[in-house]
Structures are given as C-alpha cells and as structure tokens.
S.K.: 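Quick one: structure below, then a few questions.
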Amino acid sequence: MARVTLCKPCLWTALIGIGILVFWYFKVLALGYYWLSTTLNAAQWKNASLWLPGYEVTVEGLAIEGLSRNASGLTFNTETGTLFTVINRPPQIAELTTDGRLLRTIELEGAKDPEGITYVQGDTYVISDEDSHSMVWLQIGPQTTRVSVAGKPSLGVNIDAVHNSGFEGVSWDSEQNRLFVVKEKMPLRVLVVRGLDVFNTSAGFNIDISEWKSSDAASLFMSDLSSLTLHEPTGHLLLLSDESALVVEYAPDGQPISVLPLWRGFNGLQRKVPQPEGLAVGPDGALYVLSEPNLFYRFERRTATSGL
C-alpha cells in the first residue's frame, strides 16, 4: 500500500490559508478595530446609551421548561411585561416571564418557518417567515391559544431571496411607525420599511423600503445577523450575530458605540452562548437573549446609567 506524505511547506501553506480564511470570514481585524474604537469613545457614550460593557449576566443558560426546540426571535410586550418568541418546528408562539419561565404556547397555523417576532401595540405583533420572505400582522390576546396567518395582512419582500438565509428578525419602531427587518447573510442587510399603517390595513400599504447602513459600511463586522431590536428611548439599534456571538449597539446615525461579546469570561458569562437567535430590551434596560433551542439569558446593568 502506497504511503502519501505531505511536504512541510505544503502543510504550512495550507494552515496559513485556513487561518486567513477564518480571519476573513469572521472579520477578526474589523472586530478588533471597532472594539478599540468603541472603547476609546467610552466617555462620550457611557451615559448616553445602553453601553453594553456595563452589563452583567444575571440569568445564564436557563433551559426553558416546556420548550425543547427551535426557539427563535424575541420581543418585549410593554403592556404585559412579558416576552414573546416563535418556534418554527412545529410553528408556535410562546410567552415567557422575564426570568425565563414559560407561561403559554400558541399554535401558529399557516407559517412555514417563523424566525422573528416584534410587539407593535395592543394585541398586535409582526412575525417574519423566512421561508416565504414575508412579514405577517397577527393579533394575540391574553386568552389566545391558536392563531392563523391565513387572511392576515402581510408584506412579502423578495430581496436577495436565498433559501434558509432570509429574514431572521424584525423590530417595530413605534415612534416613527417603521419596521426594521434583518437579513441573515448573502448579503447581510438591515431593511427599514416605512408607510405601514398597521391599524388601518383596509386602506392597503403605501410603503417605502430602504436599507439601513452603518456610518461606515465596514463596521457591520459580524459574519451573520440573527436578530435585532430597537431601543426606543435612545433610538439605538442592537444587532445580534449568532456566528460572531456578539451584540453590537449602533447610534441612530449608524455609528457603532458599544459591544457585548457573548463569549466565556465576558460580562460574567461562565460559558459561551451557543446559538443566540433572539434579542429584546425591557423598559428598565434589561437585555434578554434567547439561544436556540431553548436557553434563556438576562443581562442587567451593573450600575445605573443616566440619560435613558
């Protein structure tokens, strides 16, 4: 039997090539640059933003009893003081307490691959369906046990349609009546949809879709996007990346201002968050992260921050 040997120069070349590929894919140099930049601007933003370095994990990796698979997306209902997430197999919506306890599950009929959810007002929510590249408006009341997407107002956006790399998250801006939509990859995009009169849907939609961009295009330094949420008191946008395991806070003009690594040893974490897929912020500034399939995390400020 013939023996195959690799020459040492060939092996080193291969290893260097793999290393370069990893650095390129995970945008390591860009991450380092912007992390340093946010650190140097700490004095400017520490009391005028969420300022993610000032957070500490208070609930880490809690398995949500009653949920066992595929939880994705997260939103905070300011009227009930609870969180809502979606499950894609089987399609469901789940309501959670702020300490990660399951309150109820709601059957979601007609959706194929729900990945994101955002609370709008009253009993109105928007969910994003990755398979159909669409957003659907639903009503979920305190006693709702089943809801169908059939016949509900919906918006399909067939931009860069790629199977299993579609719309991963949505976030409603009640101040300006606009919807933020995040596309996972190929390419990474954050879309802003305006002109949605969700409370007068009989008149139809007269919409405008634009792309939200960072003040420096290179500063979208994550390798994918899995969720997002708008913090309305500051107008700051938080983007979540599964592959990079990061939460990044952006100012209204798109400037990155703070970073929360979801890595072991950072912000009190004992272990890396394995697959972060949902992100929400409570009225008190508490940050909630949901990791697929069913792990719950809560981060709180170490000290009170003014200006919020």
Side-chain angles (χ1 to χ4, degrees), residues 24-28 30-31 33-34 72-75 86 88 111-118 120 126-137 154-173 176-196 205 207-232 235-257 259-260 262 275-281 289-290 292:
W24 170 80
Y25 184 81
F26 288 102
K27 305 181 181 182
V28 175
L31 170 59
Y33 171 79
Y34 287 103
S72 181
L74 199 62
T75 190
V86 288
N88 59 13
K112 294 182 178 179
D113 190 11
E115 289 287 345
I117 183 170
T118 184
V120 178
V126 178
I127 66 165
S128 62
D129 189 277
E130 187 173 34
D131 184 81
S132 61
H133 304 279
S134 64
M135 278 68 68
V136 183
W137 278 253
S154 64
L155 173 67
V157 182
N158 197 26
I159 297 176
D160 302 319
V162 178
H163 178 67
N164 205 35
S165 293
F167 300 133
E168 283 285 319
V170 286
S171 184
W172 178 252
D173 177 6
Q176 300 189 43
N177 291 327
R178 55 183 178 167
L179 184 69
F180 286 87
V181 184
V182 69
K183 186 176 183 297
E184 181 181 6
K185 58 173 61 175
M186 294 187 290
L188 283 70
R189 288 192 191 277
V190 179
L191 302 178
V192 184
V193 186
R194 296 178 174 86
L196 296 170
F205 293 148
I207 65 170
D208 173 76
I209 301 176
S210 60
E211 184 172 1
W212 176 92
K213 285 186 176 290
S214 173
S215 54
D216 183 338
S219 62
L220 273 179
F221 45 81
M222 297 80 83
S223 57
D224 78 336
L225 295 173
S226 57
S227 191
L228 82 169
T229 192
L230 181 72
H231 182 242
E232 290 192 359
H236 292 181
L237 191 64
L238 301 180
L239 299 183
L240 174 66
S241 172
D242 165 19
E243 293 182 354
S244 299
L246 292 173
V247 179
V248 184
E249 178 184 11
Y250 288 86
D253 66 356
Q255 179 185 355
I257 57 178
V259 179
L260 172 61
L262 302 175
Q275 192 176 345
E277 293 282 348
L279 178 68
V281 181
V289 174
L290 194 61
E292 192 174 331

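If you read the sequence from its start, that first residue is 1, and numbering goes on from there.
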S.K.: Heavy atoms only: give me the nearest Leu188-Met222 pair and the separation to one decimal.
M.R.: CD2-O, 3.4 Å
S.K.: Can you find a side-chain donor-acceptor pair between Ser154 and Ser134 that sits under 3.5 Å?
M.R.: no
S.K.: So do the side chains of Leu240 and Leu262 get within less than 4.5 Å of each other, counting heavy atoms only?
M.R.: yes
S.K.: Are the side chain of Ser171 and the backbone of Leu230 linked by a donor-acceptor contact shorter than 3.5 Å?
M.R.: yes
S.K.: Can you tell if the side chain of Glu249 reaches within under 4.5 Å of the side chain of His231, non-hydrogen atoms only?
M.R.: no
S.K.: Test Ile117 against Leu74 for side chain to side chain contact (heavy atoms under 4.5 Å, CB included), laying out the working first.
M.R.: CA-CA 6 Å; Ile117 183 170; Leu74 199 62; 5.9 Å; no
S.K.: Between Gly73 and Leu290, what is the shortest heavy-atom contact and its length?
M.R.: O-CD2, 3.9 Å
S.K.: Does the side chain of Leu239 come within less than 4.5 Å of Tyr250's, by heavy atoms?
M.R.: yes
S.K.: What distance do Asp253 atom CG and His236 atom NE2 have between them, rounded to the nearest 0.5 Å?
M.R.: 8.5 Å
S.K.: Just wondering, do Thr75 and Thr229 contact through their side chains at under 4.5 Å, heavy atoms?
M.R.: no
S.K.: Given side chains that start at C-beta, do those of Leu246 and Val259 come closer than 4.5 Å, heavy atoms only?
M.R.: yes
S.K.: Determine, step by step, whether Val136 and Asp129 satisfy the side chain to side chain contact (heavy atoms under 4.5 Å, CB included) criterion, reporting the C-alpha distance in whole Å, the side-chain angles of both residues, the deciding distance to 0.1 Å, and the verdict.
M.R.: CA-CA 8 Å; Val136 183; Asp129 189 277; 5.6 Å; no
S.K.: Verify side chain to side chain contact (heavy atoms under 4.5 Å, CB included) between Glu168 and Lys183, making sure each step is shown before the conclusion.
M.R.: CA-CA 6 Å; Glu168 283 285 319; Lys183 186 176 183 297; over 6 Å; no
S.K.: Ser241 and Asp224: side-chain donor and acceptor closer than 3.5 Å?
M.R.: yes
S.K.: Centroid-to-centroid, Phe180 to Trp172, below 6.0 Å?
M.R.: no
S.K.: So which heavy atom on Ser226 is nearest to which on Pro276, and how close?
M.R.: OG-O, 3.0 Å
S.K.: Kindly compute the distance separating CD (Glu184) from OG (Ser227), expressed to the nearest 0.5 Å.
M.R.: 11.5 Å
S.K.: Could you walk me through whether Leu179 and Val192 pass the side chain to side chain contact (heavy atoms under 4.5 Å, CB included) test, one step at a time?
M.R.: CA-CA 6 Å; Leu179 184 69; Val192 184; over 6 Å; no
S.K.: Does Ile127 reach the side chain of Met135, with side-chain heavy atoms less than 4.5 Å apart?
M.R.: no
S.K.: I'd like to check Leu228 versus Leu237 (side-chain heavy atoms, cut-off strictly below 4.5 Å). Are they in contact?
M.R.: yes
S.K.: Taking the basic N atoms (NZ, or NE/NH1/NH2) and the acidic carboxylate oxygens, is any pair closer than 4.0 Å for Arg189 and Glu211?
M.R.: yes
S.K.: Do you know which two heavy atoms are closest between Thr118 and Val170, and how far apart they sit?
M.R.: CB-O, 3.5 Å
S.K.: Does a donor on one side chain sit under 3.5 Å from an acceptor on the other, for Glu115 and Ser128?
M.R.: no
S.K.: Specify the closest pair of heavy atoms between Asn88 and Pro114, including all atoms of both residues, with the distance to one decimal.
M.R.: CB-O, 3.5 Å
